[in-house]
A.B. asks: 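One structure, as structure tokens, below. Some questions next.
We name chains A, B, ... by the order of the sequence lines, and we start the count at 1 in each one.
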Amino acid sequence: MGLGSYISLKDVVFSRSGRRIFNGVSVDIPRGKITAIMGPSGSGKTTLLRLIGGQLRQDSGSLTVDGHAISELRRKELYKFREKMGMLFQSGALFTDLSVYENVAFPMRVHTKLPEDMINDIVLMKLEAVGLRGARKLMPSELSGGMNRRVALARSIALDPELIMYDEPFAGQDPIGMGVLVKLIRDLNSSMGLTSVLVSHDVKESLSICHYACIIADGKVIGTGTPEELQAHPSEQVQQFLNGHPDGPVPFHYPSSAATEDFGLAGGAS
Amino acid sequence: MIDKIASFGRSGIDLVISIGRAGRFLGGVLSGVPRPVTGFPLLLKQLYSVGVLSLAIIVVSGLFIGMVLGLQGYTILSDFGSEAAIGQMIALTLVRELGPVVTALLFAGRAGSALTAEIGLMKATEQLSSMEMMGVDPLRRVIAPRLWAGFIAMPVLAIIFSMVGIWGGMLVGVEWLGVFEGSYWGNMQASVDFRDDVINGVIKSVVFGFVCAWIAVYQGYDCVPTSAGISSATTKTVVYSSLAVLGLDFVLTAVMFGNF
């Protein structure tokens with residue numbers, strides 16, 4: 001583990017359903033900073049979060065979080081360890097049978113023996129932090145997509161975790177919702193000193209708030225560094241991804257046989 | 001030919017893998033000791049949703065089945081001049097067979113499918129994953145209370161079904177067709193044995209309750225988290241539960257009542 005790294009992946013190999021997702025990925029995620037993991041759709045960004053959270057196990061290589069090898073933890077130890085983690089899912093993943101208030105109170109009710117008045121204060125503080133104190137009586141079905149994610153964010157910080165992982169937080173958000181989430185992620189990181197891992201393919205928003213970024217494609221890390229270092233990265237693949245070029249090392253055309261064959265022009269016109 | 005054999009073999013292997021997964025899943029659910037303080041309210045909530053909300057269909061079905069048994073029994077027994085034995089016939093039929101079996105089939109259709117759909121939807125909307133990431137084991141928090149609720153509710157529902165059915169049979173046999181009330185209840189009391197009939201019927205419903213609840217929660221937990229996957233899992237719950245109940249009923253009947 002590198003000095004100051006909170007999460008360290010070394011030569012991680014992971015396959016699923018016969019498909020190799022990661023082929024020797026090595027990444028160090030520094031403590032107390034926002035690290036963006038970016039990459040094209042299907043490159044395994046969410047899978048990486050699930051490996052860090054211990055929901056999946058790597059085939060080989062090492063993965064440590066705060067010095068603990070996640071894949072070697074026993075079931076009970078893993079569940080205990082997860083109390084130090086928060087995760088914001090792409091869908092929010094709020095419990096649909098509980099109100100906003102009860103959703104945020106849920107981790108405290110399960111993991112602590114705090115008195116009800118203290119839970120009430122903490123829930124209201126967390127909801128205030130995401131600007132939704134006034135929505136505490138609503139049910140998840142009454143929330144917009146952006147509000148849903150903000151409540152989920154309040155819930156994920158309810159136990160004051162050391163690590164928070166964001167899975168595609170900006171996906172499907174309007175500009176205002178996106179701006180709110182960008183502000184919240186930045187503010188939470190600086191005020192709580194969290195280690196934040198942000199998985200996204202929204203380049204502009206991610207680079208605007210992250211301290212470090214890492215781009216994954218084809219099962220490996222193709223670029224890593226500060227946002228400025230990445231912008232100046234010599235790799236064509238990195239530049240294609242960052243600038244959204246439709247053609248390049250990732251081709252526009254899906255691999256196919258020669259067009260002349262498909263159009264019945266084999267042999268050529270004389 | 002070889003392809004067909006290979007396909008048959010693959011299906012067999014898939015079946016064995018699936019049974020193995022279901023067994024491991026059950027072990028995971030039952031391995032944790034429920035905590036009285038947090039577990040009991042969750043169990044009560046599920047008992048309400050699985051048991052109390054199934055009461056209407058159980059009571060109405062029990063009433064009509066008892067009434068039909070009364071009509072059919074009277075028609076057949078009166079040919080032999082034995083219509084006084086109608087109470088005995090209805091009670092034994094319900095307590096030994098129809099009570100546990102029909103309750104289990106109705107339970108699979110009403111509560112089992114609802115359990116599968118609910119758990120499947122929780123999986124599809126990442127609620128189970130988010131629970132895991134909060135350090136809460138969904139097997140203990142979500143699955144175990146539902147499994148225990150099914151296990152507890154089924155025998156109670158089967159007893160209610162049989163009681164209502166016996167009452168329905170009396171409405172038709174005694175109130176409508178004129179069988180002497182004393183014969184109805186007296187023959188029943190004389191011929192129904194508490195241990196051999198009632199307890200065996202309850203044992204059947206306990207087994208059916210366990211199997212139906214296990215199939216329902218496993219199908220929900222193991223489903224493909226898409227709308228098509230949830231739909232398929234719900235169908236499987238009803239089909240597998242029904243087949244399991246009917247198959248197990250034969251085995252249990254042979255063991256309990258077969259004089260070999």
Side-chain angles (χ1 to χ4, degrees), chain A residues 17 46-47 49-56 65 70 73-98 103-113 140-141 148-149 151-153 155-159 161 163-168 197, chain B residues 10 14 17 24-25 27-42 44-46 48-50 53 114-115 117-146 149 220-222 224-227 229-230:
Chain A
S17 306
T46 302
T47 303
L49 292 189
R50 290 188 185 276
L51 284 168
I52 294 170
Q55 290 185 304
L56 299 171
V65 179
I70 289 292
L73 293 178
R74 298 173 63 156
R75 188 179 174 86
K76 206 170 177 181
E77 293 169 335
L78 181 62
Y79 275 99
K80 187 73 191 158
F81 192 75
R82 281 179 182 153
E83 290 174 31
K84 296 203 288 186
M85 298 179 180
M87 183 156 173
L88 178 67
F89 286 83
Q90 191 173 347
S91 62
L94 294 180
F95 303 131
T96 46
D97 58 334
L98 300 180
N103 261 286
V104 180
F106 181 84
M108 285 178 275
R109 292 202 199 285
V110 175
H111 291 304
T112 70
K113 290 180 178 165
S141 58
N148 196 300
R149 258 173 243 187
V151 174
L153 186 53
R155 185 180 66 178
S156 63
I157 57 169
L159 292 175
L163 166 70
I164 185 159
M165 297 182 276
Y166 302 92
D167 185 10
E168 300 283 5
V197 183
Chain B
R10 262 197 303 275
D14 287 346
I17 290 172
R24 282 184 61 190
F25 167 81
V29 176
L30 298 179
S31 62
V33 180
R35 291 177 193 161
V37 179
T38 53
F40 191 65
L42 294 173
L44 271 188
K45 192 178 168 190
Q46 290 310 317
Y48 175 77
S49 119
V50 165
L53 294 183
L115 284 177
E118 185 189 15
I119 295 169
L121 204 59
M122 287 181 84
K123 185 178 182 183
T125 53
E126 296 183 306
Q127 291 180 54
L128 297 182
S129 281
S130 72
M131 213 173 260
E132 277 183 4
M133 288 306 299
M134 276 184 248
V136 180
D137 187 349
L139 288 184
R140 292 179 67 175
R141 180 89 194 179
V142 176
I143 307 297
R146 285 162 174 79
Y221 195 77
D222 197 52
V224 179
T226 60
S227 48
I230 295 169

A.B. asks: Verify side chain to side chain contact (heavy atoms under 4.5 Å, CB included) between B:Tyr221 and B:Leu139, making sure each step is shown before the conclusion.
C.D. replies: CA-CA 9 Å; B:Tyr221 195 77; B:Leu139 288 184; 3.8 Å; yes
A.B. asks: Under a plain distance cut-off of 3.5 Å, with no hydrogens placed, do B:Ser49 and B:Arg146 share a side-chain donor-acceptor pair?
C.D. replies: no
A.B. asks: Check A:Ile70, A:Leu51, A:Leu49 against A:Leu56 for a side-chain contact (heavy atoms from CB on, under 4.5 Å) and give me the one that passes.
C.D. replies: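 Of A:Ile70, A:Leu51, A:Leu49, side-chain contact (heavy atoms from CB on, under 4.5 Å) with A:Leu56 is met by A:Leu51 alone.
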A.B. asks: What part of A:Phe81 lies closer than 4.5 angstrom to a heavy atom of chain B: side chain, backbone, both or neither?
C.D. replies: neither
A.B. asks: Measure distances from A:Leu88 to the heavy atoms of chain B and classify the residue's part below 4.5 Å as side chain, backbone, both or neither.
C.D. replies: neither
A.B. asks: Check the pair B:Arg141 / A:Val110 against side chain to side chain contact (heavy atoms under 4.5 Å, CB included), numbers first and verdict last.
C.D. replies: CA-CA 10 Å; B:Arg141 180 89 194 179; A:Val110 175; 3.7 Å; yes
A.B. asks: What part of A:Arg155 gets within 4.5 angstrom of chain B, counting heavy atoms only: side chain, backbone, both, or neither?
C.D. replies: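 Contact with chain B involves the side chain of A:Arg155 alone.
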A.B. asks: Given a strict heavy-atom distance threshold of 4.5 Å, which part of A:Thr96 is in contact with chain B: side chain, backbone, both, or neither?
C.D. replies: both
A.B. asks: Checking A:Arg109 against A:Phe106: charged group under 6.0 Å from the ring centre and within 45 degrees of the axis?
C.D. replies: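 So A:Arg109 doesn't make the cation-pi contact.
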A.B. asks: Under 4.5 Å from any heavy atom of chain B, what part of A:Met87 do you find: side chain, backbone, both or neither?
C.D. replies: side chain
A.B. asks: Sort out for me which of A:Glu83, A:Gln90, A:Arg75, A:Gln55 touches chain B most, counting heavy-atom pairs under 4.5 Å.
C.D. replies: A:Gln55
